[in-house]
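Since we're looking at a predicted model, the values are computed, not measured.
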Amino acid sequence: KIVHFTFYLVAAVLGSFAFRERTKGSIGLLKTTLIIGISVIIYGIIIEVIQDRFTVHRSGEFLDVLANGLGAFVGVFVIKLLFSGKRQLKWKI
């Protein structure tokens, strides 16, 4: 579960940075974190369903989905911390 958590945390952080670079910061921090957070969580759910339905030696688990979602949530929270507060990074490029 730690691997699931870590992977989705990193995916949310990197996804947010990529989205920021791609849009040159024109889409706000809140909207970006919502888009990336929801996208990463939906991706995790889809992967678990595919794993359960279409593979023989693997199964989808609810705890994996929970670890994925929690990792994505913490990743989005890390981005919000980096771009807000006293020592903030600048969102706009």
Side-chain angles (χ1 to χ4, degrees):
K1 306 311 175 217
I2 292 172
V3 172
H4 282 265
F5 174 86
T6 305
F7 178 78
Y8 283 84
L9 184 147
V10 170
V13 169
L14 292 179
S16 296
F17 279 129
F19 202 78
R20 174 181 172 247
E21 290 294 318
R22 186 76 173 140
T23 63
K24 301 201 183 321
S26 64
I27 297 178
L29 177 63
L30 179 61
K31 189 171 183 179
T32 297
T33 54
L34 280 173
I35 290 170
I36 295 300
I38 290 170
S39 298
V40 170
I41 289 170
I42 289 172
Y43 174 79
I45 292 169
I46 290 171
I47 290 299
E48 289 300 319
V49 169
I50 288 172
Q51 188 172 286
D52 189 54
R53 299 282 183 218
F54 298 110
T55 63
V56 177
H57 301 292
R58 301 200 49 151
S59 63
E61 294 182 26
F62 177 73
L63 290 178
D64 287 348
V65 172
L66 194 61
N68 298 346
L70 189 59
F73 178 75
V74 171
V76 166
F77 184 71
V78 165
I79 289 295
K80 296 221 18 128
L81 284 178
L82 286 174
F83 289 97
S84 62
K86 290 182 181 178
R87 302 166 90 182
Q88 69 184 16
L89 297 174
K90 292 183 181 179
W91 182 255
K92 298 246 183 208
I93 297 175

Which of these passes side-chain contact (heavy atoms from CB on, under 4.5 Å) with Tyr8: Val74, Val40, Ile41?
Val40

What one should report as the nearest heavy-atom pair of Ser16 and Ile36 is OG-CG2, 3.8 Å

Roughly how far, to the nearest 0.5 Å, is the CD1 atom of Ile35 from the CG atom of Leu30?
9.5 Å

Value rounded to 0.5 Å, distance of CG in Asp64 from CZ in Phe5:
14.0 Å

Approximate separation, where rounding is to 0.5 Å, of Leu63 CG and Leu70 CG:
11.5 Å

Taking the six-membered ring for Trp, are Phe83 and Trp91 parallel (under 30°), tilted (30 to 60°) or perpendicular (over 60°)?
perpendicular

If you apply the rule side-chain contact (heavy atoms from CB on, under 4.5 Å), what do you find for Glu61 with His4, and how did you get there?
CA-CA 11 Å; Glu61 294 182 26; His4 282 265; over 6 Å; no

To the nearest 0.5 Å, tell me how far Lys90 NZ sits from Leu29 CG.
15.5 Å

CD1 of Ile27 to OG1 of Thr33, rounded to nearest 0.5 Å, is 11.5 Å

Under 4.5 Å between side-chain heavy atoms, counting indirect links through other Ile/Leu/Val/Met/Phe/Trp/Tyr residues: same cluster for Ile42 and Val49 or not?
no

Are more than 12 heavy atoms, taken from residues, nucleotides or ligands other than Phe19, located less than 6.0 Å from that residue's CZ atom?
yes

If I take atom CD1 from residue Ile79 and atom CG from residue Leu9, how far apart are they, to the nearest 0.5 angstrom?
9.5 Å

Step by step, would you call Tyr43 with Asn68 a side-chain contact (heavy atoms from CB on, under 4.5 Å)?
CA-CA 9 Å; Tyr43 174 79; Asn68 298 346; over 6 Å; no

Path from Leu89 to Val13 over hydrophobic side-chain contacts below 4.5 Å:
yes

Just wondering, more than 12 heavy atoms not from Lys1 lying within 6.0 Å of its NZ?
yes

Closest heavy-atom pair and its distance - Ala72, Gly37
CB-O, 4.4 Å

